Amino acid sequence: MIKKILDDLKIDLYEILKSLGVNEDVEIFFEVPQDTNFGDFSTNIAMRLAKTLRKSPVMIAKDIISRIDVAKNHIIKVDVAGAGFINFFFDRKFLSEVIFEVLKEKENFGNIKISDEKVNIEFVSANPTGYLHIAHGRGASYGDSLSRILKKSGYNVTKEHYVNDGGNQINNLGFSIQQRYFELFGRDAKMEDGYYHGKEIIEIAKMIKEEVGDKYLDNDGYEYFRQRGMDYLLQGLKDDLKDFNVEFDVWFSEKSLYDNGEVEKTLNQLIKDNHTYELDGAIWLKTTDYNDEKDRVLVKSDKSLTYLTPDIAYHKNKLSRGYDQLIDVLGADHHGYINRLKAAIACVGGNPDKVHIEILQMVRVIQDGVEVKMSKRSGKSITLRDIMDEVGSDAIRYMYSAKALSTPMDLDLDLALRQTNENPVYYVQYAYARIASLFRMLKEKNIEFKEVSSFTNINLEKCDKIIMTLLQYPLVIEEAALKRLPHKIAQYAYSLASALHSYYNDEKIITENSLETNEKLTMMKAVQIVLKDSLNLLGVNVKEKM
RNA sequence: GUCCCAGUAGCUCAGUUGGAUAGAGCAACGGCCUUCUAAGCCGUGUGUCGGGAGUUCGAAUCUCUUCUGGGACGCCA
């Protein structure tokens with residue numbers, strides 16, 4: 001609704017600008033003023049036109065507002081303030097209708113149609129060689145929330161996890177397990193470079209010993225160790241993610257690209273199209289043709305492939321599946337990889353502009369003021385499961401979501417644990433639970449609730465914050481989707497909760513006056529719907545009771 | 001040496017097409033429960049936006065420079 005109002009207003013404004021002699025393309029946009037006393041929405045268009053029109057912003061603004069058709073747009077007041085802002089005040093009664101809109105559309109409220117493009121978002125993509133750690137958790141949280149936001153914005157989204165089951169690391173996993181298995185029978189484990197040292201490897205070896213005894217002690221059980229280890233870890237990965245409220249549509253196997261010949265085909269195509277050359281016995285890809293700082297090796301002099309080669313085939317595969325956009329969420333240590341990958345995609349004829357790479361920065365866990373590095377579970381870096389056990393999936397997802405991906409983040413366990421009631425996620429969940437409890441109270445008191453279809457008995461001014469916040473939901477969704485910033489949703493959920501708490505303290509909801517009660521409850525229900533939906537976008541559950 | 005991210009209140013962070021007096025939470029202090037959940041509300045204080053220069057009507061935001069912290073720079077994955 002508000003989008004429509006603003007869009008209509010925008011059209012009117014463009015007409016007005018034309019009549020003022022503005023021919024160039026300027027985009028008009030509205031923002032919510034920091035100080036709501038300034039108005040409901042404002043635009044700075046007058047200031048931005050000052051130079052081309054060679055007039056003072058205030059003069060231009062006054063010209064503009066004198067031509068605005070106030071009645072048509074549900075505006076009750078429009079004025080010029082500050083350096084030339086145009087501030088709009090809308091009719092309260094009209095704006096309050098957003099509540100009925102929410103009730104009608106339910107969880108579809110805020111659904112917008114930015115685009116129906118097909119988007120593939122690849123995230124986590126952890127090697128199945130150990131447990132997920134906290135940085136994976138951050139990527140999982142971001143990728144999953146972004147997917148939900150994009151879906152709500154109309155995109156056709158596929159969530160994909162790439163499984164590195166084709167390369168050397170998976171062989172090393174097999175060897176590592178094998179050595180630990182031998183160790184269990186009293187032999188020395190020979191843990192070479194590149195082998196995996198997490199406690200989970202020992203656990204797997206024990207499990208295998210229990211399952212098959214000494215069957216693979218003296219004959220070659222390597223294949224079995226490799227496969228069994230990977231299956232086990234992959235399942236663990238899926239379980240962890242599921243408990244973290246993250247599920248993938250596609251688990252894409254790197255190995256499948258070798259099996260069906262796509263890696264080879266990609267390589268041959270690159271050679272045929274003259275994107276490669278040989279040097280020192282290796283085959284190099286001319287990524288410098290497309291903005292990379294140096295060329296990259298595809299085939300090493302020992303004839304084995306680098307990581308890049310199957311990854312090119314993988315991205316080619318994704319593009320061939322008809323996606324309009326590919327989003328890759330990668331760890332901070334991959335930023336040097338971006339140019340290389342984009343260049344390589346260009347070499348195979350893909351459009352690198354379709355590929356968006358989001359880099360997530362480090363996560364540190366802080367307890368008692370110092371960084372915690374060791375996980376009891378894996379004996380290595382802190383795992384996602386460690387944190388979930390400590391603070392729960394909801395709290396951790398909210399904490400991840402609340403911060404922009406580009407910020408190196410400190411996760412303060414003291415705050416998350418000892419002061420759980422100070423944690424923002426509880427604040428938002430509490431708002432929801434409070435409303436839920438109102439409806440429970442009704443049942444206890446045997447009061448019947450009837451949804452109203454207009455407001456006549458309540459003081460709309462007191463509901464201002466709630467109404468304005470509800471109105472902004474679609475706008476926030478749009479911004480979060482276009483800029484790929486899920487933390488906007490976390491901020492939004494918090495501000496809606498804040499509006500609710502404030503109102504709840506100020507006004508008694510269930511009163512003797514049943515008309516008033518029904519109107520208030522109608523509004524409460526709308527708030528509840530949007531709170532639930534916004535938390536859902538973050539993968540956070542609501543609680544009926546706290 | 002090159003590149004990326006960060007530097008904003010005591011702490012954790014918002015502030016992303018340059019705009020109004022730079023904002024939240026936590027921490028601190030003062031009020032508010034005979035009444036729907038006080039995990040709440042209301043109020044108070046807090047800033048060389050790392051430093052310096054520039055661009056302009058206007059800069060936390062853009063440019064240059066510089067300092068600090070983290071990370072990346074492989075025929076690793």
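Side chains are part of it too, since the values below use all heavy atoms of this structure and drop only hydrogens, waters and symmetry mates. These figures come from a predicted structure and were not determined experimentally. Numbers restart at 1 for each chain; the letters A, B, ... are given by sequence-line order, proteins then strands.
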Whole-Å gap separating [atom2] ([N]) and [atom1] ([X]):
X: A:Leu531; N: B:rA39; atom1: CG; atom2: P; result: 18 Å
X: A:Tyr492; N: B:rG25; atom1: OH; atom2: P; result: 18 Å
X: A:Leu405; N: B:rA6; atom1: CG; atom2: P; result: 11 Å
X: A:Ile357; N: B:rC4; atom1: CD1; atom2: P; result: 15 Å
X: A:Leu411; N: B:rC11; atom1: CG; atom2: P; result: 18 Å
X: A:Arg48; N: B:rA20; atom1: CZ; atom2: C1'; result: 16 Å
X: A:Lys10; N: B:rU17; atom1: NZ; atom2: P; result: 13 Å
X: A:Glu479; N: B:rA14; atom1: CD; atom2: P; result: 14 Å

Donor-acceptor list for residues 474-485 of chain A side chains, cut-off 3.5 Å, not counting sequence neighbours:
| from | atom 1 | to | atom 2 | distance (Å) |
| --- | --- | --- | --- | --- |
| A:Glu478 | OE1 | A:Lys3 | NZ | 3.3 |
| A:Glu478 | OE2 | A:Lys3 | NZ | 3.3 |
| A:Glu479 | OE2 | A:Lys483 | NZ | 3.0 |
| A:Arg484 | NE | A:Glu358 | OE2 | 2.8 |
| A:Arg484 | NH2 | A:His356 | ND1 | 3.3 |

Who passes salt bridge (charged side-chain N to carboxylate O under 4.0 Å, His left out) against [X], sequence neighbours left out?
X: A:Lys55; answer: A:Asp63
X: A:Glu200; answer: none
X: A:Glu122; answer: A:Lys318

Report the residues that fulfil side-chain hydrogen bond (donor to acceptor under 3.5 Å, both in side chains) with A:Asp464, sequence neighbours left out, ordered by chain and then residue number.
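Partners of A:Asp464 by the side-chain hydrogen bond (donor to acceptor under 3.5 Å, both in side chains) criterion, ordered by chain and then number, come out as A:Arg92.
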
Distance check: side-chain N/O of [X] vs OP1/OP2 of [N], anything under 4.0 Å?
X: A:Tyr427; N: B:rC41; answer: yes
X: A:Ser56; N: B:rC57; answer: no
X: A:Thr407; N: B:rA14; answer: yes

Pair partner, [N] [Watson-Crick or wobble, under 3.5 Å]:
N: B:rA28; result: B:rU44
N: B:rA59; result: none
N: B:rA6; result: B:rU68
N: B:rC73; result: B:rG1

Could you tell me how far [M] sits from [N] if I compare only their [atom1] atoms? Round to whole Å.
N: B:rA14; M: B:rG47; atom1: C1'; value: 15 Å
N: B:rG43; M: B:rG70; atom1: P; value: 41 Å
N: B:rC75; M: B:rU16; atom1: C1'; value: 40 Å
N: B:rC4; M: B:rU65; atom1: P; value: 12 Å
N: B:rU21; M: B:rA59; atom1: P; value: 12 Å
N: B:rG58; M: B:rG40; atom1: C1'; value: 41 Å
N: B:rG51; M: B:rC67; atom1: C1'; value: 7 Å
N: B:rU37; M: B:rC41; atom1: C1'; value: 13 Å

Of the listed nucleotides B:rU17, B:rG40, B:rU16, the one nearest the side chain of A:Phe29
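Per side-chain heavy atoms of A:Phe29, the pick is B:rU17.
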
Identify, with sequence neighbours excluded, every residue that meets side-chain contact (heavy atoms from CB on, under 4.5 Å) alongside [X].
X: A:Val163; result: A:Pro128, A:His161, A:Asp165, A:Leu234, A:Trp251
X: A:Ile529; result: A:Val102, A:Leu103
X: A:Ser437; result: A:Arg440

Categorize [X] for me: base, sugar-phosphate, or nothing, with a 4.0 angstrom heavy-atom threshold over every strand shown.
X: A:Asp410; answer: sugar-phosphate
X: A:Asn172; answer: nothing
X: A:Ile359; answer: nothing

Could you check, using the six-membered ring where one of them is a Trp, whether A:Tyr142 and A:Phe123 have ring centers closer than 6.0 angstrom?
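Ring centres of A:Phe123 and A:Tyr142 not closer than 6.0 Å.
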
Using a cut-off of 4.0 Å between protein heavy atoms and nucleotide atoms, how would you tag nucleotides 29-37 of chain B 5' to 3' with B, S and -?
------BBB

Yes or no on salt bridge (Lys or Arg N to Asp or Glu O under 4.0 Å) for A:Asp410 and A:Arg364, after CA distance, side-chain angles and deciding distance?
CA-CA 5 Å; A:Asp410 283 350; A:Arg364 299 190 307 165; 2.9 Å; yes

Got a list of protein N/O to nucleotides 70-77 of chain B N/O distances below 3.5 Å?
| from | atom 1 | to | atom 2 | distance (Å) |
| --- | --- | --- | --- | --- |
| B:rG71 | N2 | A:His335 | NE2 | 3.2 |
| B:rC75 | O2 | A:Ser301 | N | 2.8 |
| B:rC75 | O2 | A:Ser301 | OG | 3.0 |
| B:rC75 | N3 | A:Ser301 | OG | 3.3 |
| B:rC75 | N4 | A:Asp280 | O | 3.0 |
| B:rC76 | OP2 | A:Lys300 | NZ | 3.1 |
| B:rA77 | OP1 | A:Lys300 | NZ | 3.2 |
| B:rA77 | OP2 | A:Tyr307 | N | 3.2 |
| B:rA77 | O3' | A:Gln169 | OE1 | 2.3 |
| B:rA77 | O3' | A:Gln169 | NE2 | 3.1 |
| B:rA77 | O2' | A:Asn127 | ND2 | 3.3 |

Under 3.5 Å, which donor-acceptor pairs link side chains of residues 496-505 of chain A to any protein atom two or more places apart or in another chain?
| from | atom 1 | to | atom 2 | distance (Å) |
| --- | --- | --- | --- | --- |
| A:His501 | ND1 | A:Arg434 | NH1 | 3.0 |
| A:His501 | NE2 | A:Tyr427 | O | 3.0 |
| A:Asn505 | ND2 | A:His501 | O | 3.2 |

Side-chain donor or acceptor of [X] paired with backbone N/O of [Y] under 3.5 Å:
X: A:Asn127; Y: A:Thr129; value: no
X: A:Tyr196; Y: A:Asn172; value: no
X: A:Tyr14; Y: A:Ile28; value: yes

List every contact pair, protein side and nucleotides 44-47 of chain B side both N or O, where the distance is under 3.5 Å.
none

Which label fits B:rC26, syn or anti, where anti is any glycosidic angle not within 90° of 0?
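Anti, which is what one calls it when the glycosidic angle falls more than 90° from 0.
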
Side-chain donor/acceptor of A:Ser42 to base of B:rA20, under 3.5 Å
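Side chain to base: pair found, below 3.5 Å.
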
